[in-house]
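Take a look at the structure below.
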There are 2 protein chains.
Amino acid sequence: MAFFKGKELYSMDSKGRVNIPAKMRKSVSPEANDTFTVTRGLDGCIEAYPLDTWRIKEEHFEKLNQYNAQNRFFLRKILMWSEEVTLDSQWRVMLPKKLLEFAGIDGKVVIAGVGDHIEFWEPEKYEEYMAGTEETYEDIAAKVMYVG
Amino acid sequence: MAFFKGKELYSMDSKGRVNIPAKMRKSVSPEANDTFTVTRGLDGCIEAYPLDTWRIKEEHFEKLNQYNAQNRFFLRKILMWSEEVTLDSQWRVMLPKKLLEFAGIDGKVVIAGVGDHIEFWEPEKYEEYMAGTEETYEDIAAKVMYVG
DNA sequence: GTAAAAGTGGGTAAAAGTGGGTAAAGATGT
DNA sequence: ACATCTTTACCCACTTTTACCCACTTTTAC
């Protein structure tokens, strides 16, 4: 399974194409078939999952009972933002307009690898988010990384 | 099995034809034979199932004991709304009048992929439905997207 | 220093979305 | 059963968007 890391500042061209950084390409397995599912991410970003990783989520969704009103609502809410995109020969993707609008991405993009997926951020929003806590990196690391 | 996702705003022409978005076409298997079964959906929408998926539902219906009053009622109720539609050469379907009337669809249509089926919504009704919760996207994603 | 790879940009043909004309098929009334 | 009206299927046409190809500049690797 792919594991993405790193953070880059790239640019989106006039046609809405964004390059996937070479470092991250190498984490994508051939099973992904040059395809990502992009969807609305958390905290205002766009998330992209390689096809093979997304399939696991789909299997999870398929098991939900749609005759339960809450499940139905959740599914609709999640899937309305999800779309498949394929890479062109230069390893670029065309991000859907509604997602670009949601994320406020326009010219420059921060591309970040976050484990099982890649995130696209509007650069300022990214900085704000990263600045948005009083806790130090050390404090947070202590909480998250602690292995009892 | 097909897995539909994505949400698009399309228009229905004066003849009542609605295009199936290209992204969703790709999820349809050849076994569906360019045919969908459309039926009354939940929460005021119209649902369309590819033929091969609908067959599975039919098998389920066949197993129901018709001498049980509740089963009988359910069967009559769902089947009265169900109808097969075939795609024309431009991948459009003609939705039955009674379903359009039921869903209040007139000019513009929201087309949403929800796993095993496609949904058609009157745009305003769709927005209302989607707005109907206090929970944030992040809350919902936490419940649904997390795959342990 | 040089060659290869990575990042960026643009032209063009194909596909997608939308609309309409017309003839066949089906329904309706006498 | 027939004429009439309505509905549907099958064309064709136009505009916008997308996919594919080629090209150039910058960075990286050896």
Side-chain angles (χ1 to χ4, degrees), chain A residues 4-28 32-38 46 48 51 82-101 105-113 118-121 123, chain B residues 4-28 30 32-38 46 48 51 82-101 105-113 118-123:
Chain A
F4 299 103
K5 53 186 178 294
K7 175 228 162 187
E8 307 285 340
L9 180 63
Y10 271 41
S11 51
M12 183 175 72
D13 69 21
S14 56
K15 288 183 178 178
R17 295 176 299 191
V18 180
N19 208 320
I20 303 294
K23 293 269 171 64
M24 297 182 195
R25 292 175 206 176
K26 285 166 189 154
S27 304
V28 180
N33 211 249
D34 288 357
T35 307
F36 285 81
T37 294
V38 293
I46 301 173
L51 193 59
S82 307
E83 200 166 307
E84 278 183 20
V85 295
T86 58
L87 301 164
D88 70 11
S89 52
Q90 270 84 249
W91 276 81
R92 291 177 294 198
V93 291
M94 275 203 56
L95 297 175
K97 279 220 180 70
K98 65 181 176 210
L99 284 173
L100 290 173
E101 205 172 297
I105 292 169
D106 180 17
K108 291 284 171 187
V109 205
V110 167
I111 309 180
I118 295 173
E119 293 183 352
F120 301 91
W121 290 78
Chain B
F4 299 103
K5 55 183 174 290
K7 173 225 162 190
E8 307 286 340
L9 181 63
Y10 271 41
S11 49
M12 185 175 71
D13 68 22
S14 55
K15 290 181 178 179
R17 295 176 299 190
V18 179
N19 208 320
I20 303 294
K23 290 271 168 64
M24 298 183 194
R25 292 175 205 174
K26 286 169 188 152
S27 304
V28 180
N33 211 250
D34 290 357
T35 308
F36 285 81
T37 295
V38 292
I46 300 174
L51 194 57
S82 306
E83 200 165 308
E84 279 185 19
V85 294
T86 58
L87 300 164
D88 72 10
S89 53
Q90 268 88 251
W91 276 81
R92 292 177 294 198
V93 291
M94 277 204 56
L95 298 174
K97 278 224 177 68
K98 65 183 176 199
L99 284 173
L100 289 174
E101 206 172 298
I105 292 170
D106 179 18
K108 291 283 171 187
V109 204
V110 167
I111 309 179
I118 295 173
E119 294 182 351
F120 301 90
W121 290 77
E122 192 283 317

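For clarity, every value in this text was computed on a predicted model and none was experimentally measured.
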query = What is the base-pairing partner of C:dA24, counting Watson-Crick and G-U wobble geometry with both distances under 3.5 Å?
reply = D:dT7
note = The Watson-Crick or G-U wobble partner of D:dT26, with both key distances under 3.5 Å, is C:dA5
query = Between A:Ala22 and B:Lys23, who's closer to the 5' end of DNA chain C by nearest nucleotide?
reply = A:Ala22
remark   = Walking DNA chain C from its 5' end, the first of A:Lys26 and A:Asp13 to be reached, judged by nearest nucleotide, is A:Lys26
ask   = Should B:Ser89 be listed as having a side-chain N or O under 4.0 Å from OP1 or OP2 of D:dC12?
value = no
inquiry  = Does a side-chain N or O of A:Arg92 approach OP1 or OP2 of C:dG9 to a distance below 4.0 Å, or not?
reply    = no
note = Looking only at C:dG9, C:dG19, D:dT7, the nucleotide nearest the B:Lys97 side chain is D:dT7
request  = State which of C:dA6, D:dC11, C:dG10 makes the closest approach to the side chain of B:Arg17.
outcome  = D:dC11
To the nearest angstrom, how far is [X] atom [atom1] from [N] atom [atom2]?
X	N	atom1	atom2	value
A:Glu8	D:dT26	CD	P	18 Å
A:Leu87	C:dA6	CG	P	14 Å
A:Asp88	C:dG11	CG	P	16 Å
B:Trp91	D:dA9	CH2	C1'	17 Å
B:Arg25	C:dA16	CZ	C1'	6 Å
A:Met12	C:dG10	CE	C1'	16 Å
A:Leu95	D:dA19	CG	P	12 Å
A:Lys15	C:dG11	NZ	C1'	7 Å

query = With distance as the sole criterion, do the side chain of A:Gln90 and the base of D:dC20 form a donor-acceptor contact below 3.5 Å?
reply = no
query = How many angstroms lie between CG in A:Asn19 and CH2 in A:Trp91, if you round to the nearest 0.5 Å?
reply = 10.0 Å
request  = Calculate, to the nearest 0.5 Å, the distance between atoms CZ and CG belonging to B:Arg17 and B:Leu87 respectively.
outcome  = 13.0 Å
request  = Verify salt bridge (charged side-chain N to carboxylate O under 4.0 Å, His left out) between B:Lys5 and A:Glu84, making sure each step is shown before the conclusion.
outcome  = CA-CA 9 Å; B:Lys5 55 183 174 290; A:Glu84 278 183 20; 3.0 Å; yes
message = What contact category does A:Thr86 fall into here, base, sugar-phosphate, or nothing, at under 4.0 angstrom with non-hydrogen atoms?
response = nothing
key: B:Val93 to B:Val85 - nearest heavy-atom pair and separation   = CG1-CG2, 3.9 Å
ask   = If you take all heavy atoms of A:Val18 and A:Met12, which pair is closest and at what distance?
value = CG2-CG, 3.7 Å
